[in-house]
Amino acid sequence: MRGKFRIMKRNLIPPQTSLRGGDEAYYQLALEEKPANMWQPNRLEQERLDKLNEIESRGFEAYPARIHRTHSALEAIAAYEAAEQTAGGNEPAPVEVTVAGRIRRTNVKGKVSFMHIEDQSGRVQLFLRINDMDEATYKLVQEHLIDTDDFVQAAGTMMRTKAGEISVRVNDFKLLAKSLSPLPVVKQQKLDDGTIREFGEFTNVETRYRQRYADLAVNANVRDTFVQRAQIIRVVREVMDGEGLLEVETPILQPVYGGAAARPFVTHHNQLKQDLFLRVSFELYLKRLLVGGYRGVYEIGRDFRNEGVSFKHNPEFTMLEFYKAYIDYNGVMEITERMLEAVAIAIHGKPEAPFREHIINYAAPWPRLTMREAILKETGIDYMEYRDAAALEAKIREIGGSVAPGQPWGKLVEHLLGEYVEKKLIQPTFIIDYPRDISPFAKKVSYDDTHVERFEFYIAGMEMGNAFTELNDPRDQEARFLEMARTFRPDDDDAAPIDEDYLRAMRYGMPPNGGFGMGIDRLVMLITDQHTIRDVLLYPHLRSLKEDESEDASAEGV
RNA sequence: GGCCCCGUAGCGCAGCGGUAGCGCAGGUGCCUUUUAAGCACUUGGUCGCAGGUUCGAAUCCUGCCGGGGUCACCA
């Protein structure tokens, strides 16, 4: 660490020093005290460094500041196709383009060369001939000083090669950025049916996640997933706005956390000498805003839960929550159906999307099952016949289930749902009416004191979201908080602190409202048919690799 | 956290007790319409790390690090 700091100071550039490419003396000075644990070029990288020096010594810039571009790869191809259409079999009018992108394939055949460059739109082939362009520039290509992975700019006229591929006949060519570290090599073969077969795919998941930039650079389908993720969130936002809800942002650092049964991360404000929690939900802050007079609010943002990781769990994840005044959970169910249907249509053009071996149909309406019915159907247990926790616990053991002793009744009921029902709910399904003692923010159902107006919805065997007819009776809310504090064992990590300020807000009067929370990452998984949350997060959480640069490790004696 | 599997060249993989191999990429040469271009020659590895067993370990054992799966917990 200390060593690094020294280098940084040394690297401060005096104002008169030029930092232009090829300033060998400057670069050498910076390298002098480079610590051994920093990057050292491997064999392939050293070759490219040597090429870079050679390019510059020939008077070419390797990292120019000014570029020019008139067409994306696909626009260039489309422009030529249009010209061919117009010409109707005759020689099409010349189409001049300047394209820019990353070289993904080179084929140098002496005095003529081919390469594919790729930009965000796709790929286009360049056709380079020594007598079409400046000879010194062509030599860079011919002598392999230009590599796959380099960024280049090419100007020329569109044409078709003998093999029929629409290409740019290049008359001007320029290096835009030299790539020093070669990306994983993936070759593609276009099959007759138009599908693309890949060879030597870059599949190592750990490297893909740790070096997502390389993953994205090489795997177009990964790039597509995150484009779709952005589209999905945009549609969700449009639906929320269409409901007349106001998008807001509430604190991530919270002195009192709550709104969900989850363990928080703890952090500390130095100056204020105050411990703070990273939010586990937005719920309590959002509902306070209804007290303030908004008829509805929503937030899309990050939640943090200090729990295990799995294919559907990441320590930080994106959540949508909304609260709308003057509707109950039936209204929320309608919005839910509408929202997911809109998302599916936006991405797939119809309310259906494949996920694993299933075709999920998002079209409204979805079936609604009470929790009691659902559990009875799958386990044969009518949990209402076992009204106290001990009896229900015994019954679960009797059918071969295993539960930790001493759990609240509602948690046992929830266990039955999670264990026996959840994975069978493939098509979108609402499970409604939950036990009161695990639902401290939901209104009681009219027919029964032990249940509340709450639903969760399940798709592809995954819990996707959670919603209530929100409790707005401050007396009942206070009693629920106290009940939670009493029911949960003192060591139960899910027991949340009582939020007195939230109670105060509710005492001012909160309009009746329906509220909703959904994991956006899981929604993206469903819609894009990705089977782990890590594939819909650009930077999923991974353990750090060992840091040999830490002060302790530098003692060597350890 | 428990259990199971994995970690070999830049990437994809084989080898599983006799001292490390293949394809692609890379290098040299030839080639003015190729497209997984081709042909010839060729470079490249602390076999995750540290111990142990053995005459000998990539290979067997133990521990650690990292990843995946699964169970527990949760969203």
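Below, chains carry the letters A, B, ... as their sequence lines are ordered, and counting in each starts from 1. The model shown is predicted, which means the values in this text are computed figures rather than measured ones.
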Separation of A75(B) atom P from Phe516(A) atom CZ, nearest Å, is 15 Å

- [ ] Please work out if Arg305(A) contacts a base, only the sugar-phosphate, or nothing of the nucleic acid, heavy-atom cut-off 4.0 Å.
- [x] base

Any protein N or O atoms within reach of nucleotides 35-37 of chain B? Criterion: under 3.5 Å, listing atom names and distances.
unit_1: U35(B); atom_1: O4'; unit_2: Arg105(A); atom_2: NH2; d: 3.2
unit_1: U35(B); atom_1: O2; unit_2: Glu165(A); atom_2: OE1; d: 2.8
unit_1: U35(B); atom_1: N3; unit_2: Glu165(A); atom_2: OE1; d: 2.6
unit_1: A36(B); atom_1: O4'; unit_2: Gln188(A); atom_2: O; d: 3.3
unit_1: A37(B); atom_1: OP1; unit_2: Lys187(A); atom_2: NZ; d: 2.9
unit_1: A37(B); atom_1: OP2; unit_2: Arg105(A); atom_2: NE; d: 2.6
unit_1: A37(B); atom_1: N7; unit_2: Asn107(A); atom_2: OD1; d: 2.4

Which of G66(B), A75(B), A25(B) is nearest the side chain of Val185(A)? It is A25(B)

Here the distance between atom P of A75(B) and atom NZ of Lys423(A), to the nearest Å, is 16 Å

task = Give one of base, sugar-phosphate or nothing for Phe202(A), where a contact means two heavy atoms less than 4.0 Å apart.
result = sugar-phosphate

Looking only at G26(B), G68(B), U33(B), the nucleotide nearest the Tyr209(A) side chain is G68(B)

Out of U43(B), A75(B), C13(B), minimum distance to the side chain of Thr203(A) belongs to C13(B)

Heavy atoms under 4.0 Å, any strand shown: does Asp303(A) hit a base, just sugar-phosphate, or nothing? nothing

What integer number of Å spans the P atoms of G44(B) and G21(B)? 12 Å

Partner of C22(B) under the Watson-Crick or G-U wobble criteria, both distances under 3.5 Å, comes out as G12(B)

Residue pair His531(A)/Gly308(A) against RNA chain B: nearer the 5' end by closest nucleotide is His531(A)

* With rounding to whole Å, what would you report as the distance between C73(B) and U62(B) at their C1' atoms? -> 30 Å

Distance col, row Thr250(A):OG1 vs Glu283(A):CD, nearest 0.5 angstrom, shows 11.5 Å

* Just to confirm, is there a sub-4.0 Å distance from OP1 or OP2 of U43(B) to any side-chain nitrogen or oxygen of Arg43(A)? -> no

Quick note, Val112(A) side chain, CB onward, closest among A25(B), G27(B), U33(B) is U33(B)

When both distances are under 3.5 Å in a Watson-Crick or G-U wobble arrangement, the nucleotide paired with A50(B) is U62(B)

Practice item. Could you measure between the two P atoms, the one in U43(B) and the one in C24(B), and give it in whole Å? Key: 16 Å

When rounded to whole Å, the CZ to P distance for the pair Arg48(A) and A25(B) reads 13 Å

Item to complete: Name the nucleic acid region contacted by Asn314(A), choosing base, sugar-phosphate or nothing; use a 4.0 angstrom heavy-atom cut-off, strictly under.
Response: base

note: Phe311(A), atom CZ; C73(B), atom P; distance rounded to Å ~ 15 Å

Next item on the list: Determine the Euclidean distance between corresponding P atoms of C41(B) and U53(B); express it in Å to zero decimal places.
Entry: 46 Å

By the Watson-Crick or G-U definition, both distances under 3.5 Å, G38(B) is matched with C30(B)

Ala261(A) has its side chain closest, among G66(B), A75(B), G26(B), to A75(B)

Picking from A25(B), A75(B), U33(B), the nucleotide nearest the side-chain atoms of Phe317(A) would be A75(B)

The nucleotide from G27(B), G10(B), A75(B) with an atom nearest the side chain of Glu307(A) is A75(B)

Quiz item: Using a cut-off of 4.0 Å on non-hydrogen atoms, how would the nucleic acid contact of Met159(A) be classed: base, sugar-phosphate, or nothing?
Solution: base

Arg129(A) has its side chain closest, among G10(B), G69(B), U32(B), to U32(B)

Per atom distances to the Ile130(A) side chain, the nearest of U32(B), U34(B), G68(B) is U32(B)

What contact category does Leu542(A) fall into here, base, sugar-phosphate, or nothing, at under 4.0 angstrom with non-hydrogen atoms?
sugar-phosphate

Would you say G68(B) has OP1 or OP2 under 4.0 Å from some side-chain N or O of Arg534(A)?
yes

Side-chain atoms of Lys111(A) come closest, of U33(B), C11(B), U32(B), to U32(B)

Exercise. Base, sugar-phosphate, or nothing: which does Arg160(A) touch, judged by heavy atoms less than 4.0 Å apart?
Worked result: nothing

Paired to U70(B) by Watson-Crick or G-U wobble criteria (both distances under 3.5 Å) is G2(B)

- Message: When you measure from the side-chain N and O atoms of Lys411(A) to the phosphate of C73(B), is any distance below 4.0 Å, counting only OP1 and OP2?
- Response: no

### Query
Arg522(A) near the nucleic acid: base, sugar-phosphate alone, or nothing, with a heavy-atom cut-off under 4.0 Å?
base

- Message: Distance check, C1' atoms only: C39(B) and C6(B), in whole angstrom units.
- Response: 39 Å

